[in-house]
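Encoded as structure tokens, the structure appears first; notes follow it.
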Amino acid sequence: MRLRPPRLSAVSYQPVTATPDHIALEHRVLALWEQEGTFEQLRAKNSGGAPFSFIDGPITANNPMGVHHAWGRSLKDLFQRHRAMRGHELRYQNGFDCQGLWVEVEVEKSLGLNSKQEIEEYGLDRFARACRDRVAEYSAVQTRQSKRLGQWMDWDRSYYTMTDPNIASIWHFLKVCDERGMLYRGNRPMVWCPRCGTSLSQHELIDSYRDRTHTTLHVRFPLVDAPEEAVVIWTTTPWTLPANVAAAVDPTAEYAAVRTSQGIDWVMAARVEDLFGAAAEIVRTAAGAELVGKAYRGPFDDLEAQAEVAHRVVAWDMVAADEGTGVVHIAPGCGAEDFELGKVEGLPVLVPVDEAGRFTEAYGWLAGQATDAAAAGIAEHLGKTGALVRAGSIDHRFPVCWRCGTDLIFRVVEEWFISAEPVRQAMIDAAATVTWVPEQYGKRMEDWLRNMGDWCISRKRYWGLPLPFYRTEAGEYTVIGSVEELRERAIDSLDGLEELHRPWIDGIRIRTDSGEVAERVTEVGDCWLDAGIVPFSTLGWGREAAVEGGYAEGAGVGLTRADLPDQAYWEKWFPADWISEMREQIRLWFYSQLFMSVVLVGRAPYRSVLGYEKLHDETGRAMHKSWGNAIWFDDAIEDMGADVMRWMYALQTPSQNMSFGYGPANEVRRRLLTLWNSYAFFVRYAEIDGFSPTWADAETGPPTASALDRWIVARIDETVAACDVALDAYWTPTYARAVESLIDDVSAWYIRGSRARFWRAENDGDKEAAFRTLWYCLVQLCRLAAPAMPFLAEELWQNLVRGQDAGAPSSVHLAGWPVAKPVDRAALDAMALAQTAISLGRAARAQSSLKLRQPLREAVVATPDAAARAAVEGLRDEIARELNVKSVRIADAVDELLDVEVVPNFRALGPRLGKDIPRVQQLLKAGDYQRVGDCVEVGGYTLGPDEIELRTRPREGFAVADEGGLAVAVDTELDDELADEGLARELIHFIQGERKSAGFEVADRIRIELAPNDRLRRVLERFGRDIESETLCSEISEPGDVSGAQFEADDCVATVRVIRDR
RNA sequence: GGGCGAUUAGCUCAGUCGGUUAGAGCGCCUCUCUGAUAAGGAGGAGGUCCCUGGUUCGAAUCCAGGAUCGCCCA
């Protein structure tokens, strides 16, 4: 280590550790932001800026957030921070989803309740309070977690979907639907959970199939006309047999009557062998159409419920020929397809079980039995009556309730719907105005919209939006559209109405237009109504006067200070410029928002959407608590740290599932270490040299006298432009890769190439330029990386910028986004050429057996391209340094080193020559052409310089490498001086190794004892001082007797001893 | 059955407007640097760009069909 002048100024950088402690650093930065109100400063700074409207999709405040939530929240924060750095005004309103079964089920568990009956016994008021308390608890937990992630939101003003204003906004929407005739009650076969006592929406069936084993039955339905004959059905749901009303056959298929011990059994001919074996005796065959219309005796005709039913065979085109018997048992009250067929055939609908999945009184001996428990009794009964052919079991995929794991059933129930047809086309049109990222999500939305059924909005539960539908005894319905309307119509006092929830709301009766008394239906609403209304309820749509803190009425009191803005505010912030959620929200929140918005204002509530796929573990498997591969946010954030986590999310291609885990996190951490190393390098030398930049330097940029400096500044400009394009397109991986690439270039190329400039003892202009350039690189990197890794960027900023200039912005997040400047393409191209030349030079060197450590006299860089020669000219020093040569000669005489080949530029020539290309290519390859100036005459064409490319091949006998018209040769001849210098380098290398293995500190001074031979003695004479200074050696001595390590190189052998000075 | 994707190195994945030599990271091997050092650099091995056909002077890229996987709907 060379001696340095004493520190000139008192600048002081915070010391930088060898590796970053992300966790400690992040907590430090969080404390700094808190202490200085950095976020508040940012909001104040951007107040009045061009609005950037982001609307947060509410997170269910029901459990701690997971790392999959952190993905979305990191993306949201990334784009918000980016827009804020560009000076946009943002709302920063976070949202919590508060109502619905998700919350109810968790509360049931925590209270030890196990059925709807138990909830009612517990008391709906206490239950509602418990639900609200759970939301309060976990919204606080999620807020804490989000802050730790670094998400900047106006946490005190989060919206809660359970507040009265939110609920009232939905009432208004429902009223509008009613006025347009879109609201109706309907019978629907619903997927039903008997434990939860409620239907499940389509959304809730996602991933609901599990491996289950169920009883299967083959059952005879004897024909009325020919009692010994029967159609035989197969079912996997025995409990539905008491509700049988028909048997379906494929009219176009062939059916066979098979003689069995029980009589004559009709099944589909294709199924005979599977069912009865190859030896089955077929009495006769008939087309399915012949069986259609035949009456049969049902298996449970003795039950009261079956009294009026006339069973018959019906035709159906969906009868499967590859399983069962080819005759399908139809119970329209127990299956979706059965129900549809029943509508066509006019079949009666028997609903055998109640809300709890238990048979009703009309089912006699079955009454009170649960569907799963009834299978055995049903099989036994059928056995007694002779209807049972055989019982078996099946292992299959069967849907279960996502909340409690109970087998789901189908049940026809009365629910409330909003018809989709009147808005279908308008929704498709509105969705087409949206920019979908990734693009195919737009097609998915369109597909969903084309196929969507009516929206079932009712749930027979407790903690949710109370549907404002009031029924008189006569069955007349009134829809209430606001709290004011409720107040006007109420018969009962609203004094006891603590909030718009059950049970309080249930006590309020109203008077209808016709003067009748009406009570509220007991149903609550689908929670996607709660979330879908948010662009209206939180932005003040239709409100005349704003109310500060007014959003918190009802269940939100004490939880939030969100305002209730007015129509002007809505007009400013609607529609959202951008929203982002995971892909499944296409059918959920993106859909419900769109639906409500199209109904209310006839257009899309968002301009652009970023969707993303699923988060899996690092092996690509879905994360499941029960599989033990789930990663808890709280663990991950204090292990890998927020920046590493956020950078992983930024790098992830949104349209692909993410493999998340500690392994990938480590890889990313190592890449961030490169930035840290560059930072540490700068601080070490800036501290030593007393280099202190000013904030103004970041604005003006560094001087660009040297080619290397010009290049890295051009790289920064190029990166800024690339980041702008990527972030404007909401595509983070391109952004993150561009930043990583710049980090790599700063570290691996700029710093490596500039190190000697920083080591230099004298304070010259070039060293100053190097400091200013590296500092500028780091500062711009901080700003570019800040949206994605806000903590690390802030840490660097504090030390590099704010610590050096009190007038600088106090936070990188207040520093503004770098302005894209014109990119110095020439500098980039020149360096690319130089890098190619260096790479070629290395390859050329590698052809000889000389180590890179051995200095060589000269490298020749040759190219026929004059512009390229001029470009490389300015980078001769870089090339010489990297190739360890004394000089670099630039030559145009490629021919002495190389053969030249003319290759067509296909992009330019393709359109012009077309089919002639292969012929011209052949002629050029064969050398059958004339060079005329810059042009080439070949096959009747004259090709201009832009239409050809000159390529070269090395001639034999040279250490030459070439690529694309560029060739590099190295002179491998060694004279004594070069050889000695090489040997000196070897010795230095050896001594450094000894120093290291002896455990000396980098700054320790040493003495060297060695016994040289003549050659080595000559080397020491020539290069002794270099060796001493390189190894921090005070003296090289030659005592008579040396014990130590053996140094061997070339023709030298010496014993060397390295001694630490005291 | 309909729709939307995916398929590129041992692994994880980029690959823009179609351009003739398909890249990165990790892993592996070799070398190198030793004043960023629990780092850094160079090189190498490793590819039927899923398959078939088409369009084109030219296809990983565009089109058609197929296979496999994933997701959505029915």
Side-chain angles (χ1 to χ4, degrees), chain A residues 1-2 16 18-19 202-203 205-207 318 336-337 340 438-453 583-584 586-587 613-614 616 618-620 622 651-653 655-659 663-664 666-668 670-671 673-674 676-685 688 722 725-726 729 733-734 737 740-741 744 747-749 751-753 755-756 758-759 838-839 841-843 845-846 851-853 882-884 903-921 949 951 963-964 985 988-993 995-996 1002-1003 1029-1032:
Chain A
M1 196 170 286
R2 297 199 171 99
V16 178
T19 55
Q202 292 168 333
H203 339 121
L205 289 173
I206 300 164
D207 292 335
M318 287 171 69
E337 289 154 350
E340 291 304 316
E439 208 179 331
Q440 67 264 23
Y441 290 2
K443 296 182 199 166
R444 279 192 173 240
M445 176 58 103
E446 188 185 333
D447 186 55
W448 167 258
L449 294 175
R450 290 200 186 285
N451 294 304
M452 69 176 167
R583 194 209 54 221
E584 66 187 34
I586 289 171
R587 299 173 302 111
E613 289 290 319
K614 294 197 168 168
H616 290 167
E618 60 187 85
T619 67
L651 282 166
Q652 173 66 27
T653 302
S655 56
Q656 304 228 343
N657 288 337
M658 176 169 189
S659 299
N666 250 326
E667 270 187 41
V668 169
R670 279 180 51 187
R671 274 185 267 168
L673 186 59
T674 307
W676 186 265
N677 281 338
S678 302
Y679 161 63
F681 177 92
F682 170 84
V683 169
R684 170 185 285 197
Y685 290 103
I688 290 170
V725 169
T734 311
R737 278 198 295 268
E740 281 198 352
S741 169
D744 275 353
S747 167
W749 199 252
I751 293 183
R752 206 162 62 87
R755 276 185 295 196
F758 296 104
W759 301 336
I838 288 162
S839 172
R842 286 197 180 113
R845 285 196 64 130
K851 288 187 175 175
L852 193 55
R853 207 177 287 140
E882 292 296 324
L883 294 181
N884 195 16
V903 176
N905 178 347
F906 291 98
R907 190 190 285 274
L909 279 178
R912 188 178 140 201
L913 302 196
K915 287 178 194 279
D916 250 5
I917 280 235
R919 185 174 66 88
V920 170
Q921 191 177 8
E949 198 179 304
R951 290 197 188 164
E963 182 182 296
R985 302 299 316 172
I988 291 167
H989 174 60
F990 179 81
I991 291 167
Q992 300 288 27
R995 284 183 61 116
K996 196 169 184 179
V1002 175
S1029 76
E1030 289 287 327
T1031 61
L1032 278 187

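We name chains A, B, ... by the order of the sequence lines, and we start the count at 1 in each one.
Minimum interatomic distance between A:Ser659 and A:Pro664 (heavy atoms only, all atoms of both residues): O-CG, 3.8 Å. When all heavy atoms of A:Asn677 and A:Ala18 are compared, the pair lying nearest together is OD1-O, 4.0 Å.
Taken together, the paired segments of RNA chain B that extend over three or more consecutive Watson-Crick or G-U pairs, each closer than 3.5 Å at both contacts, are B:1-7 with B:67-73, B:10-13 with B:23-26, B:28-32 with B:40-44, B:50-54 with B:62-66.
Using a 4.0 Å heavy-atom criterion, one finds that A:Asp447 contacts the bases of the nucleic acid, with or without backbone contacts as well. No contact: A:Ile586 has no heavy atom under 4.0 Å from any strand. Here A:Arg919 lies out of heavy-atom contact (under 4.0 Å) with every strand.
Rounded to whole Å, the distance from CD on A:Glu337 to P on B:A74 is 11 Å. In this structure, A:Leu651 atom CG and B:C26 atom C1' are separated by 14 Å, rounded to whole Å. For the pair A:His616 NE2 and B:U12 C1', the computed distance is 15 Å after rounding to whole Å. Rounded to whole Å, atom P of B:A24 lies 15 Å from atom CD of A:Glu667. Distance, A:Trp749 CH2 to B:A42 C1': 11 Å, rounded to whole Å. Counting to the nearest Å, the P atom of B:C71 and the CG atom of A:Asn657 are 9 Å from each other. B:G2 atom C1' lies 14 Å from atom CD of A:Glu446, rounded to whole Å. Going from atom CE of A:Met445 over to atom C1' of B:C71 covers 16 Å, rounded to whole Å.
Checking B:A36, B:C73, B:A14 against every side-chain atom of A:Phe681, the shortest atom distance belongs to B:A36. Residue A:Thr653 has its side chain nearest to B:C13 when only B:G25, B:C13, B:C71 are considered.
Atom CD of residue A:Gln440 and atom NZ of residue A:Lys443 lie 7.0 Å apart, to the nearest 0.5 angstrom. From A:Arg587, atom CZ reaches atom CE of A:Met452 across 13.5 Å, with rounding to the nearest 0.5 Å.
Comparing the same atom, P, in B:C49 and in B:A59 gives a spacing of 12 Å after rounding to whole Å. The C1' atoms of B:G44 and B:G10 are separated by 15 Å, rounded to the nearest whole Å. Rounded to a whole angstrom, the distance from the C1' atom of B:G23 to that of B:G46 is 14 Å. Taking atom P on both nucleotides, B:A6 is separated from B:A14 by 10 Å, rounded to a whole Å. B:G70 and B:U34 have their C1' atoms separated by 49 Å, given to the nearest Å. Distance check on atom C1': B:G58 versus B:C13 gives 27 Å, rounded to whole Å. Between B:A67 and B:U48, the distance separating the two P atoms is 23 Å to the nearest Å. Distance noted for atom C1' between B:U55 and B:C62: 8 Å (whole Å).
At least one side-chain heavy atom of A:Arg671 sits under 4.5 Å from a side-chain heavy atom of A:Leu651. Put simply, the side chain of A:Trp676 reaches to within 4.5 Å of the side chain of A:Val16, judged on heavy atoms. A:Arg752 is listed as a side-chain neighbour of A:Glu882, based on a closest heavy-atom distance under 4.5 Å. In this structure, the side chains of A:Phe681 and A:Arg755 come closer than 4.5 Å at one or more pairs of heavy atoms. Side-chain contact between A:Asn666 and A:Arg670 is absent, with no heavy-atom pair separated by less than 4.5 Å.
A donor-acceptor pair under 3.5 Å is absent between the side-chain atoms of A:Asn657 and the main chain of A:Glu613, judged by distance alone.
Look at A:Arg450 and you won't find any side-chain N or O under 4.0 angstrom from OP1 or OP2 of B:C4. Not one side-chain nitrogen or oxygen of A:Gln440 sits closer than 4.0 Å to the OP1 or OP2 atom of B:C72. A close approach under 4.0 Å does occur between a side-chain nitrogen or oxygen of A:Lys443 and OP1 or OP2 of B:G5.
No N or O donor and acceptor, one from the side chain of A:Arg587 and one from the base of B:C72, sit under 3.5 Å apart.
With a glycosidic angle more than 90° from 0, B:C50 adopts the anti conformation.
Remark on RNA chain B: of its neighbouring residues A:Arg671 and A:Arg444, the 5'-side contact belongs to A:Arg671, judged by nearest-heavy-atom nucleotide.
Residues meeting the salt bridge (Lys or Arg N to Asp or Glu O under 4.0 Å) test with A:Arg450, sequence neighbours left out: A:Glu446.
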Identify each atom pair where a protein N or O and an N or O of nucleotides 37-41 of chain B are less than 3.5 Å apart, giving names and distance.
from: B:A39; atom 1: O2'; to: A:Asn677; atom 2: ND2; distance (Å): 2.7

